[in-house]
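A short write-up of the structure that comes next.
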Protein chains: 2
Amino acid sequence: MRYIVRTTIKDIAKALDVNIGTVSRALNDKPGVSAELRKKIMRKATELSYRPNGHARGLVTQRTESIGLLSGAETSTFLSNPFYAGIFAGIEAETREHNYALMFASATTESSIFDGRLPKFIVEHRVDGLLIVGAVDEAIIRLLNESHRAFVLVDYHLPGEDLETVVTNNLRGGRSATEHLLSLGHRHIAFVGGTPLDRGNFHERLQGYRDALESAGIAYREELVRGGQIVGGHDAALDLLDAHPEITGIVACNDANALAAIGALRTRSLKVPEDVSVIGFDDIPAAQESWPSLSTMRVDKIAMGRKAAQRLLQKLEEGEASAPHQIVFPAELIVRSSTGAPRK
Amino acid sequence: MRYIVRTTIKDIAKALDVNIGTVSRALNDKPGVSAELRKKIMRKATELSYRPNGHARGLVTQRTESIGLLSGAETSTFLSNPFYAGIFAGIEAETREHNYALMFASATTESSIFDGRLPKFIVEHRVDGLLIVGAVDEAIIRLLNESHRAFVLVDYHLPGEDLETVVTNNLRGGRSATEHLLSLGHRHIAFVGGTPLDRGNFHERLQGYRDALESAGIAYREELVRGGQIVGGHDAALDLLDAHPEITGIVACNDANALAAIGALRTRSLKVPEDVSVIGFDDIPAAQESWPSLSTMRVDKIAMGRKAAQRLLQKLEEGEASAPHQIVFPAELIVRSSTGAPRK
DNA sequence: TTGATTCCGGCAAACGATTGCAGTATGCGG
DNA sequence: CCGCATACTGCAATCGTTTGCCGGAATCAA
């Protein structure tokens, strides 16, 4: 085993011939220590490069000053999603600034609850609170709720429950995206979706699309909507275009799907935006770098992550006091070069 | 403050009227407890849904069963780099399977060492070991070395030192990429790089490019090499093409730069690969999805992450015993549609 | 000088586990 | 029926902090 010398509070006490309690009080800015002695203790502490032992402290204070980031998806899926990566970055920044440590884990299948494979930090209570990013099994949320753990849901919410959440205004965003195409003169607008499409974020965006059409007096046609994975964004677009050549505009449930759709259009030698306009959602970095650059609904991912972390930390300070907030971030229309007036 | 009921080892002991020591031994599969009693204790433990308290345990065992992932770059930079995201995923998988928790932090500037803003988990010794991904300040490495902390460097190494590392064979990879273009018949091959180009991974890849050229009897021409950021991959390519229209092939230091270069070529109405062939490095997901799909040198990021985690965990088990390994992963040529024979 | 009041600092009990050591059954042979 | 070895199990110290409580010194007013 490794042998590491670590100076403890005792060493300081011994060196200065005072009691450990006094040292503790001095180090933690607690009253009951004269300014002079406090200074002496501080000096000695840095001299011996003293670092508090998190375990010992955590044992008595029952706090770890660290929070957990829990993803409902596989880690590689989670991280390769630029949207979540942005949220992660926001969370990390906020927690770091508040001197909290950040633990990461994913909790995917429901089974993990029962076979005890839930992330250790949940089960052994080694984090003060949890940030749950994306859809996660309801059973986990119920579990956390019952055990009175502090947590905040990011980019996900359970319809019925009154939970602390930070989400995007998907409904309005979907609506705005569609309205953008409508205002350019498009009338035959398709929606290429992700999974699931019958609930969650993508469903809300679809609903916004639907609302916009209906407000514009255009009938919603189910055959112009296709779900599927990202790769499916490609196939879905082909399907749609072949079956409905009148389509001049596509609203995608997110940027990845939009990019895939553009790729599909290219294989049919259709030009974007001359032949078909495409608008995405999220504004991931690739949206800007792609060609043509992608019009999209921007969501401030960093800000969402930061806000969620703020809420959690605040909850931890205040205890149960405050009622759950539901914070909704707007999505902002960013017009780039993948959308334009329809062909005549 | 929140009030959470947690069952402790004491509760079990009381319920069964045995000593806490016995309970501890039973729960940890230590000898000295009859099979019968052990079973009874186990049952009671699950009945009361007992979870060991990490702090208490850590205090006596001096281990946390958790490791830290330290990034040298800003978190958002780190996460939006698909290469690192892959490594992260590999690390997460491996640590999860071994029941270790994973903490994340970034340590960017050197200043952070002195103003005490180094990640808490390093300083308060709350992780057993560290995985350092990407270039990080040497001072930090020195610090860790001196304090005898177990750590493994991933995708980074310090020339002189004999440290535990997991890296890519950049030299050979750069060479293979270049040889691929040479074998297709290209003779005027440029290199578009990242920063820094005078040391580190990109330098090694450049060196491989140079070796390949020289082995093929083609003089290395400094004016065909351009450094710069990713966005610079775009500008660098334009620069090069305008100054040296004879160029028919481009080796990029990584996929992001390759993609940027392709974008640049498009603005000059140059076709890939008909007019210019482009090859990248890393094989990030976008390489496959882009159009044209990108030929590249694949690096198995997940495997690298896993391997690094394995090494660290092994080190932790064995103590200082083993001498540092330097594990080198090969890069594999993946031919897609961005490379072809040069125009005549 | 005395009594009240304040302020400091020491003492020791937690927190929840692990673990060496000592003690007590139990079984077995004599 | 006794002694001895061999399991088991209990006791208590320990890890490094925090924190309530208490005693003593110092200050001040009367």
Side-chain angles (χ1 to χ4, degrees), chain A residues 1-42 44-45 48-66 120-121 123-126 128, chain B residues 1-42 44-45 48-66 120-121 123-126 128:
Chain A
M1 280 294 103
R2 268 162 321 131
Y3 181 72
I4 301 183
V5 200
R6 291 186 50 76
T7 90
T8 74
I9 213 171
K10 269 188 200 162
D11 300 323
I12 302 178
K14 210 172 297 170
L16 259 35
D17 200 39
V18 295
N19 188 276
I20 56 166
T22 308
V23 175
S24 171
R25 266 183 286 261
L27 257 23
N28 292 309
D29 267 338
K30 294 263 166 84
V33 185
S34 64
E36 194 187 2
L37 179 55
R38 184 183 305 262
K39 195 169 282 177
K40 248 172 61 182
I41 290 177
M42 291 296 212
K44 201 67 179 179
L48 299 177
S49 72
Y50 164 79
R51 296 292 165 206
N53 179 316
H55 291 127
R57 170 180 279 168
L59 193 53
V60 23
T61 61
Q62 301 286 10
R63 318 190 76 225
T64 59
E65 308 231 308
S66 60
K120 206 163 182 164
F121 66 65
V123 126
E124 295 195 2
H125 196 237
R126 300 217 296 223
D128 294 340
Chain B
M1 279 294 104
R2 267 163 321 129
Y3 181 72
I4 300 183
V5 200
R6 291 187 49 77
T7 90
T8 75
I9 213 171
K10 268 187 201 163
D11 300 323
I12 301 179
K14 209 173 298 170
L16 259 34
D17 202 36
V18 295
N19 189 275
I20 56 166
T22 308
V23 176
S24 171
R25 266 183 285 262
L27 259 21
N28 293 308
D29 268 337
K30 293 265 165 81
V33 185
S34 66
E36 194 188 2
L37 179 56
R38 183 183 305 262
K39 194 167 285 177
K40 249 173 61 184
I41 290 177
M42 291 297 211
K44 203 65 180 179
L48 299 178
S49 70
Y50 163 79
R51 297 293 165 205
N53 180 316
H55 291 125
R57 170 179 278 166
L59 192 52
V60 22
T61 61
Q62 302 287 9
R63 317 190 75 226
T64 59
E65 308 233 308
S66 60
K120 204 163 185 169
F121 66 66
V123 126
E124 294 194 2
H125 194 238
R126 299 216 297 221
D128 295 339

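Below, all heavy atoms of this structure are taken into account, side chains as well, without hydrogens, waters or symmetry copies. Reminder, nothing fancy here: chain letters follow the sequence lines and each chain counts from 1.
Using a 4.5 Å heavy-atom cutoff, the side chains of A:Ile41 and A:Leu16 are in contact.
Here A:Lys10 does not reach the OP1 or OP2 of D:dT17: none of its side-chain N or O atoms lies under 4.0 Å away. OP1 or OP2 of C:dT19 lies within a sub-4.0 Å distance of a side-chain N or O belonging to B:Lys30. Within the structure, every side-chain polar atom (N or O) of A:Ser24 is placed at least 4.0 Å from both OP1 and OP2 of D:dT17. The phosphate of C:dA17 has OP1 or OP2 within less than 4.0 Å of a side-chain N or O from B:Thr8.
A:Asn53 has its CG atom 14 Å from the C1' atom of C:dG16, to the nearest Å. Straight-line distance from the NE2 atom of B:His55 to the P atom of D:dT18: 13 Å, rounded to whole Å. Regarding A:Tyr50, its OH atom lies at a distance of 3 Å from the P atom of D:dT17, rounded to whole Å. If you take CD1 of B:Ile41 and C1' of D:dC8, they are 11 Å apart, rounded to a whole angstrom. Taking atom CZ of A:Arg51 as the reference point, atom C1' of D:dT17 lies 16 Å away to the nearest angstrom. Rounding to whole angstrom units, CD1 of residue A:Ile12 and P of C:dG9 are separated by 16 Å.
In this structure, of C:dA17, D:dT17, D:dT9, it is D:dT17 that holds the atom nearest to the side chain of A:Ile9. Nearest to the side-chain atoms of A:Asn28 among the listed nucleotides D:dT18, D:dG16, C:dC15 stands D:dT18.
For the helix from C:dT1-D:dA30 to C:dG30-D:dC1, the axis fitted to the five pairs at one end and the axis fitted to the five pairs at the other end meet at an angle of 60° (nearest 10 degrees).
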Protein proximity profile, nucleotides 22-28 of chain D - base contact B, sugar-phosphate-only contact S, no contact -, cut-off 4.0 Å on heavy atoms
-------
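When each of B:Ser34 and B:Leu59 is assigned the nucleotide of DNA chain D bearing its nearest heavy atom, the one mapping closer to the 5' terminus is B:Ser34.
Using a 4.0 Å cut-off between charged side-chain N and carboxylate O, B:Lys44 and B:Asp11 make no salt bridge.
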Expected rows: protein N/O vs nucleotides 10-13 of chain D N/O, under 3.5 Å:
from	atom 1	to	atom 2	distance (Å)
D:dG10	OP2	B:Asn19	N	2.9
D:dG10	OP2	B:Thr22	OG1	2.9
D:dG10	N7	B:Arg25	NH2	3.3
D:dG10	O6	B:Arg25	NH2	2.9
D:dC11	OP2	B:Asn19	ND2	3.1

